[in-house]
Amino acid sequence: MAGKRRVLFVEDAVSFRKTLCDLLQADGFQVCECGDGASALDAAEKGDFHVIITDYRMPNMNGADVTRRLRSRFPASVIIGVSWDDMRKVFLSAGADAFLQKPFEYDDLVKLLKERLTHLKS
């Protein structure tokens, strides 16, 4: 992947969010992290993200609602839903490009990112 890919990661579980963000940054991604859907919508308006990764269960707004809103505003971004529950159908019907069920291997996320981001030039 050429150039730094910008990732918006939306997750209310602080330790999981921090760990995944640290791993993504170590792999060369530029990461913005948010703890809920409302802050993610604000961040998305201010940034240009190649990828949005969102959890399903969060306070005030679930990941499917976040996905619907961001998909309509940012059709070119890759959106990946994540959840402990199998919410694949819910996320995909909301407009997500992919879904990973927790707990997932970090390598599976990176593989998915590489597959989805190969079409981007920078």
A.B. asks: I'd like to know if the side chain of R6 and the backbone of D48 have a donor-acceptor N/O pair within less than 3.5 Å.
C.D. replies: yes
A.B. asks: Return the SG to CG distance between C34 and D12, rounded to the nearest 0.5 Å.
C.D. replies: 12.0 Å
A.B. asks: Does any N or O in the side chain of R71 come within less than 3.5 Å of the main-chain N or O of G95, such that one atom is a donor and the other an acceptor?
C.D. replies: yes
A.B. asks: Let me check something: do F104 and L8 share a hydrophobic cluster, defined by ILVMFWY side-chain heavy atoms less than 4.5 Å apart, either directly or through other members?
C.D. replies: no
A.B. asks: Hydrophobic clusters here meaning ILVMFWY residues chained together by side-chain heavy-atom distances under 4.5 Å, can you tell me if M58 and M87 are in one?
C.D. replies: no
A.B. asks: Using only atom types and a distance under 3.5 Å, with no angle test, would you say the side chain of S72 pairs donor to acceptor with the backbone of R69?
C.D. replies: yes
A.B. asks: Does a side-chain N-to-carboxylate-O contact under 4.0 Å join D108 and K111?
C.D. replies: no
A.B. asks: If two hydrophobic side chains count as joined below 4.5 Å and joins carry through other members, does L20 share a cluster with V10?
C.D. replies: no
A.B. asks: Restricting to non-hydrogen atoms, name the atom on A64 and the atom on V90 that form the minimum distance, rounded to 0.1 Å.
C.D. replies: CB-CG1, 3.7 Å
A.B. asks: Quick check against the 3.5 Å criterion: does D97 have a side-chain atom that pairs as donor or acceptor with the backbone of I80?
C.D. replies: no
A.B. asks: Can you tell me which residue pairs pass the ring-ring contact (aromatic ring centres under 6.0 Å, His included) test with a partner in residues 69-96, sequence neighbours excluded?
C.D. replies: Y56-F91, F91-F99
A.B. asks: Nearest 0.5 Å, what's the NZ-CG distance between K114 and L109?
C.D. replies: 11.0 Å
A.B. asks: Can a side-chain donor-acceptor contact be found between S39 and D36 if the only test is distance below 3.5 angstrom?
C.D. replies: yes
A.B. asks: So, for T67 and A94, which heavy atoms are closest and what is the spacing to 0.1 Å?
C.D. replies: CG2-O, 3.6 Å
A.B. asks: Verify the cluster assignment for L100 and L117: are they in a single hydrophobic cluster under the rule of side-chain heavy atoms below 4.5 Å apart?
C.D. replies: yes
A.B. asks: Assess whether atom CG of D86 is packed by more than 12 heavy atoms of other residues, nucleotides or ligands within 6.0 Å.
C.D. replies: yes
A.B. asks: Any side-chain to backbone donor/acceptor pair from S77 onto F49? Under 3.5 Å, distance only.
C.D. replies: yes
A.B. asks: Measure the CG-CD1 distance between L24 and I53 for me, rounded to the nearest 0.5 Å.
C.D. replies: 5.5 Å
A.B. asks: Other hydrophobic cluster members with L92, side-chain heavy atoms of Ile/Leu/Val/Met/Phe/Trp/Tyr under 4.5 Å, chained?
C.D. replies: none
A.B. asks: Look up atom CG in D107 and atom CG in L112, then write down how far apart they are to the nearest 0.5 Å.
C.D. replies: 12.5 Å
A.B. asks: For the pair D85 and R57, find out whether any cationic side-chain nitrogen is under 4.0 Å from an anionic carboxylate oxygen.
C.D. replies: yes
A.B. asks: Consider only side-chain heavy atoms of I, L, V, M, F, W and Y, link residues closer than 4.5 Å, and tell whether V31 and V51 are in one cluster.
C.D. replies: yes
A.B. asks: How far apart are the closest heavy atoms of R116 and A98, and which atoms are they?
C.D. replies: NH2-CB, 4.1 Å
A.B. asks: Closest approach of A43 and C32, non-hydrogen atoms and distance?
C.D. replies: CB-SG, 4.0 Å
A.B. asks: Nearest 0.5 Å please: distance from the CG atom of D55 over to the CZ atom of R17.
C.D. replies: 10.5 Å
A.B. asks: Taking E11 first and then K102, would you say they form a salt bridge - that is, a charged N and a carboxylate O separated by under 4.0 Å?
C.D. replies: yes
A.B. asks: Decide if atom CD of E45 counts as having more than 12 heavy atoms of other residues, nucleotides or ligands within a radius under 6.0 Å.
C.D. replies: yes
A.B. asks: Could you please spell out the steps behind the side chain to side chain contact (heavy atoms under 4.5 Å, CB included) verdict for F9 and F16?
C.D. replies: CA-CA 11 Å; F9 185 51; F16 179 67; 3.8 Å; yes
A.B. asks: When rounded to the nearest 0.5 angstrom, what is the spacing between CD1 in I79 and CD1 in I52?
C.D. replies: 4.5 Å
A.B. asks: Applying side chain to side chain contact (heavy atoms under 4.5 Å, CB included), run through E33 and K18 and close with a yes or a no.
C.D. replies: CA-CA 8 Å; E33 57 182 274; K18 295 289 185 192; 3.0 Å; yes
